[in-house]
Amino acid sequence: MTTPKKLFIKTYGCQMNVYDSERMSEALGGQGYVETKTPDDADMILLNTCHIREKAAEKVYSELGRLKGLKASNPDLKIGVAGCVAQAEGAEIMRRQPAVDLVVGPQSYHRLPEMEAKTRQGEKALDTDFPEEDKFEKLKSRPKARRAPSAFLTVQEGCDKFCAFCVVPYTRGAEASRPVARILDEARDLVERGVREITLLGQNVNAYHGTGPNGSDYTLAKLIWDLDKVDGLERIRFTTSHPNDMTEDLIEAHGTCSKLMPYLHLPVQSGSDKILKRMNRGHTAESYLRLIERIRGARPDILMSGDFIVGFPEETEVDFQATLDLVAEVNYGYAYSFKYSTRPGTPAAERAQVDAGEADDRLQRLQSLITRQQHSIQDGMVGRTVKVLFEKPGRQAGQMMGKSEYLHAVHVADAQVSVGEIKAVKIVDSLTNSLAGELV
Ligand code: SAH
Ligand code: SF4
Ligand code: F3S
């Protein structure tokens with residue numbers, strides 16, 4: 001038997017990249033690779049990259065600069081770049097860093113085994129096509145390895161919304177949904193391997209419109225109801241949603257589907273209608289607030305999460321104030337805020353930019369408001385009993401860590417529970433980034 005080759009994958013960016021890295025590892029498993037935790041002894045290094053902001057994209061080149069030195073001690077080492085930087089920059093990556101042997105865009109991962117073979121012939125391999133064939137169908141799973149209790153499952157990919165700041169429609173391509181039957185097969189397979197919670201992924205996951213039995217049209221809500229019937233699957237989540245695709249049946253599911261968790265990530269980006277218009281978001285601050293009212297009508301305890309951009313071109317102090325007002329009104333359990341980053345090829349890149357110092361100042365003010373909200377919601381959990389899905393042992397002996405329905409990290413000391421169990425836990429303390437609880 002030949003000794004297996006070692007694969008080191010480093011993943012940047014969103015949850016879809018995490019999912020894709022698992023698929024790539026499985027695909028290369030068929031070529032005799034096993035994953036290793038350090039680049040030092042690897043035969044193949046893959047960086048699965050993110051292009052969303054300039055910093056994320058530039059990180060890749062500094063990392064490549066460090067990694068190329070490893071080729072001196074291992075001349076057989078191959079270095080590959082996957083993900084959204086690969087899609088956006090293609091062959092330019094090999095020009096900027098000649099140590100790179102392989103560049104593969106997100107829609108071509110099923111071609112990775114052939115590409116790897118090509119690099120072993122001493123050739124460079126580049127594929128950033130948007131092929132017609134279904135890559136997921138061709139990315140066959142490895143046999144039945146045990147899985148952690150919580151898993152991602154991509155159901156939709158790509159985006160047709162073209163927000164004026166965003167590279168995703170260019171790096172991931174047009175919106176496409178996977179067929180219902182394949183998703184259900186994958187979900188059942190995950191459950192057999194120990195998974196209790198599935199997070200359905202898509203850049204615009206609630207625009208899901210896959211084909212169901214006999215060619216019928218599905219919505220995300222219909223898909224969730226099918227998954228609800230999968231025995232052994234206890235929790236369903238989905239991310240990321242666009243406000244304009246929050247259909248009535250999906251809102252209703254939050255009130256009636258017990259496996260659907262009371263947490264919703266619903267980015268709005270800004271509270272100013274002027275800015276929302278210039279961002280090409282297709283909704284107003286008011287319509288977003290009314291939407292949240294309807295969602296809370298269906299599921300009063302739902303925990304809201306969002307994304308914000310500050311310093312978008314032409315954002316004034318008045319516009320920014322409107323964002324603070326919106327945040328104050330929603331009361332977020334979690335929110336992620338970013339300083340606007342100019343992305344090549346997007347419409348907003350051509351416009352007058354906000355002063356960087358001003359943008360930094362706004363980011364800080366927004367983040368301090370968000371942090372206060374987050375903590376007050378977390379503190380409000382003390383005394384309540386939540387259900388925790390236990391995922392792993394904690395740092396202290398006997399301690400176990402898990403997540404509540406609301407996605408709060410919860411740890412329990414001296415917990416007589418196993419990974420994968422769901423137990424009622426009474427929250428006794430709120431710490432900086434987690435809650436402490438006791439089994440009930
Ligand atoms: N599909 C999702 C998420 C896209 S990327 C959605 O529609 O919401 C995740 C977040 O990154 C976005 O919600 C946005 O807040 C942020 N983002 C995207 N492009 C950005 C840019 N050019 N500069 C700063 N932040 C950006
Ligand atoms: Fe980007 Fe907008 Fe599409 Fe989200 S909806 S991926 S922010 S273009
Ligand atoms: Fe980044 Fe691509 Fe995800 S740009 S956020 S890795 S879709």
Side-chain angles (χ1 to χ4, degrees), residues 10-21 24 47-60 81-89 105-107 109 128 152 154 156-176 200-208 238-246 264-271 275-276 278-283 288 305-313 315 323 327 332 334-351 353-354 356 359-360 362-363 366-367 370:
K10 185 163 179 178
T11 307
Y12 302 84
C14 62
Q15 292 144 325
M16 196 174 286
N17 267 7
V18 175
Y19 177 85
D20 287 344
S21 289
M24 287 192 277
L47 301 184
N48 193 7
T49 62
C50 175
H51 200 247
I52 202 81
R53 285 167 289 274
E54 192 181 356
K55 254 197 206 133
E58 283 306 313
K59 239 192 258 169
V60 174
V81 177
C84 290
V85 176
Q87 189 61 48
E89 299 185 5
Q107 301 312 328
Y109 291 157
T128 52
F152 295 131
T154 292
Q156 179 278 345
E157 193 171 355
C159 179
D160 297 339
K161 297 266 188 305
F162 291 93
C163 298
F165 50 82
C166 186
V167 294
V168 171
Y170 313 98
T171 63
R172 293 278 169 169
E175 223 170 82
L200 306 174
L201 296 182
Q203 266 90 34
N204 261 299
V205 72
N206 56 345
Y208 178 83
F238 59 89
T239 198
T240 297
S241 300
H242 191 286
N244 291 2
D245 295 315
M246 265 332 274
L264 180 63
H265 184 60
L266 195 63
V268 62
Q269 315 298 353
S270 169
I275 295 299
L276 287 170
R278 288 176 196 194
M279 285 177 163
N280 192 34
R281 288 287 298 180
H283 58 76
Y288 177 79
S305 154
D307 287 342
F308 294 88
I309 294 177
V310 303
F312 186 77
E315 184 190 71
T323 298
V327 172
Y332 288 97
Y334 288 97
Y336 306 87
S337 47
F338 312 97
K339 190 164 91 161
Y340 170 69
S341 169
T342 310
R343 308 308 293 128
T346 60
E350 313 295 321
R351 302 181 197 157
Q353 307 294 312
V354 168
D360 282 328
R362 287 178 195 164
L363 185 64
L366 177 59
Q367 286 183 341
I370 288 169

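When a ligand or atom number is given, it counts from 1 through the structure's own listing order.
Contact of the Arg53 side chain with the Lys339 side chain is not registered, since no non-hydrogen atoms from C-beta on lie closer than 4.5 Å. In this structure the side chain of Arg172 never reaches within 4.5 angstrom of the side chain of Gln87, judged on heavy atoms. For the pair Met246/Leu264, a side-chain contact is recorded, criterion being any heavy-atom separation below 4.5 Å from C-beta on. Cys159 is listed as a side-chain neighbour of Pro169, based on a closest heavy-atom distance under 4.5 Å. Side chains of Val205 and Thr240 form no contact here, defined as non-hydrogen atoms less than 4.5 Å apart.
For Gln156 against Asn204, the heavy-atom pair with the smallest separation is OE1-N, 3.1 Å. The two residues Cys84 and Pro106 have their closest heavy-atom pair at N-CG, 4.4 Å. Closest of all the heavy-atom pairs between Ser341 and Glu54 is OG-N, 2.9 Å. Heavy-atom minimum distance, Arg343 versus Ala57: NH2-CB, 3.7 Å. Between Phe312 and Val354, the shortest heavy-atom contact is O-CG2, 3.3 Å. For Ala164 against Arg351, the heavy-atom pair with the smallest separation is CB-NH2, 3.9 Å.
Closest to atom 7 (S) of ligand 3 by heavy atom, among Arg343, Met16, Gln203, is Gln203. Of the listed options Arg172, Lys55, His265, Gln269, Gln269 places a heavy atom closest to atom 15 (O) of ligand 1.
The main-chain N or O of Gly83 is found under 3.5 Å from a side-chain atom of Tyr109 such that the two form a donor-acceptor pair. At distances below 3.5 Å, at least one donor-acceptor pair connects side-chain atoms of Asn206 with backbone N or O atoms of Asp245. Of the possible polar contacts, one joining the Thr49 side chain to the Val85 backbone as a donor-acceptor pair under 3.5 Å is found. Proximity of a side-chain donor or acceptor of Asn48 to a complementary backbone N or O of Val81 within less than 3.5 Å is not detected. No donor-acceptor distance shorter than 3.5 angstrom exists from the side chain of Tyr170 to the backbone of Phe162, with no hydrogens or angles considered. A side-chain donor-acceptor contact under 3.5 Å links Gln203 to the backbone of Gly158.
Considering only non-hydrogen protein atoms, atom 3 (Fe) of ligand 3 sits nearest to Cys14 SG, 2.3 Å. Counting only heavy atoms of the protein, atom 11 (O) of ligand 1 lies nearest to Arg53 NH1, 3.1 Å. Nearest non-hydrogen protein atom to atom 3 (Fe) of ligand 2 is Cys159 SG, 2.2 Å. What sits closest to atom 6 (C) of ligand 1 on the protein, heavy atoms only, is Thr240 CG2, 3.8 Å. For atom 10 (C) of ligand 1, the closest heavy atom belonging to the protein is Asp307 OD2, 3.4 Å. Considering only non-hydrogen protein atoms, atom 4 (S) of ligand 3 sits nearest to His51 N, 3.3 Å. Atom 1 (Fe) of ligand 3 has as its closest protein heavy atom Cys50 SG, 2.3 Å. Among protein heavy atoms, atom 24 (C) of ligand 1 sits closest to Lys339 O, 3.4 Å.
Residue contacts with ligand 1 leave out Lys161, since none of its heavy atoms falls under 4.0 Å from the ligand. Judged by the shortest distance from any of its heavy atoms, Arg172 lies inside the 4.0 Å radius around the atoms of ligand 3. The shortest separation from a heavy atom of Ile52 to ligand 1 is under 4.0 Å, placing the residue in contact.
With a 4.0 Å cut-off on non-hydrogen atoms, Pro267 does not touch ligand 2 at all. Contact annotation for Pro267 and ligand 1: only side-chain heavy atoms (C-beta onward) come within less than 4.0 Å of the ligand. Only side-chain heavy atoms of Ile309 come within less than 4.0 Å of ligand 1; its backbone N, CA, C and O stay farther off. With a 4.0 Å heavy-atom cut-off, ligand 2 is reached by no atom of Thr240. Contact annotation for Phe165 and ligand 1: heavy atoms of both the backbone and the side chain come within less than 4.0 Å of the ligand. Proximity of His242 to ligand 1, defined as any heavy-atom pair under 4.0 Å, is not found for any part of the residue.
The Cys84 neighbourhood of ligand 3 comprises atoms 2 (Fe), 4 (S), 6 (S), 7 (S), with distances under 4.0 Å to a heavy atom of that residue. Under a 4.0 Å criterion applied to the non-hydrogen atoms of Pro169, ligand 2 contributes the atoms 8 (S). Shown in contact with Phe165 at under 4.0 Å from a heavy atom are these atoms of ligand 2, numbered in order with element: 7 (S). Heavy-atom proximity to Tyr340, at under 4.0 Å, picks out these atoms of ligand 1: 23 (N), 24 (C). Per-residue contacts place Asn204 under 4.0 angstrom from the following atoms of ligand 2 (heavy atoms of the residue considered): 3 (Fe), 5 (S). Contact atoms of ligand 3 toward Asn17: 6 (S) (distance under 4.0 Å to a heavy atom of the residue). Atom numbering of ligand 2 starts at 1 in the shown order; those under 4.0 Å from a heavy atom of Val168 are 6 (S). Of all atoms in ligand 2, listed by their number and element, those nearer than 4.0 Å to a heavy atom of His242 are 5 (S). Which parts of ligand 2 touch Cys166 is read off a 4.0 Å heavy-atom cut-off, strictly below it: atoms 1 (Fe), 6 (S), 7 (S), 8 (S). Residue contact check: Phe162 has heavy atoms under 4.0 Å from atoms 8 (S) of ligand 2.
The N/O atoms of Ser341, backbone and side chain alike, include one that comes under 3.5 Å of an N/O atom in ligand 1. For Gln203, a nitrogen or oxygen atom sits less than 3.5 Å from a nitrogen or oxygen atom of ligand 1, counting backbone and side chain alike.
Protein heavy atoms are absent from the space less than 4.0 angstrom from atom 4 (C) of ligand 1. For atom 5 (S) of ligand 2, the nearest protein heavy atom is under 4.0 Å away.
Contact check on Glu315 versus Arg278 returns no salt bridge, with no Lys/Arg side-chain nitrogen under 4.0 Å from an Asp/Glu carboxylate oxygen.
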If you apply the rule ring pair (Phe, Tyr, Trp, His ring centres under 6.0 Å), what do you find for Tyr332 with Phe308, and how did you get there? CA-CA 12 Å; Tyr332 288 97; Phe308 294 88; 5.5 Å; yes

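Taking backbone and side chain together, Cys163 holds an N, O or S atom under 2.8 Å from atom 2 (Fe) of ligand 2.
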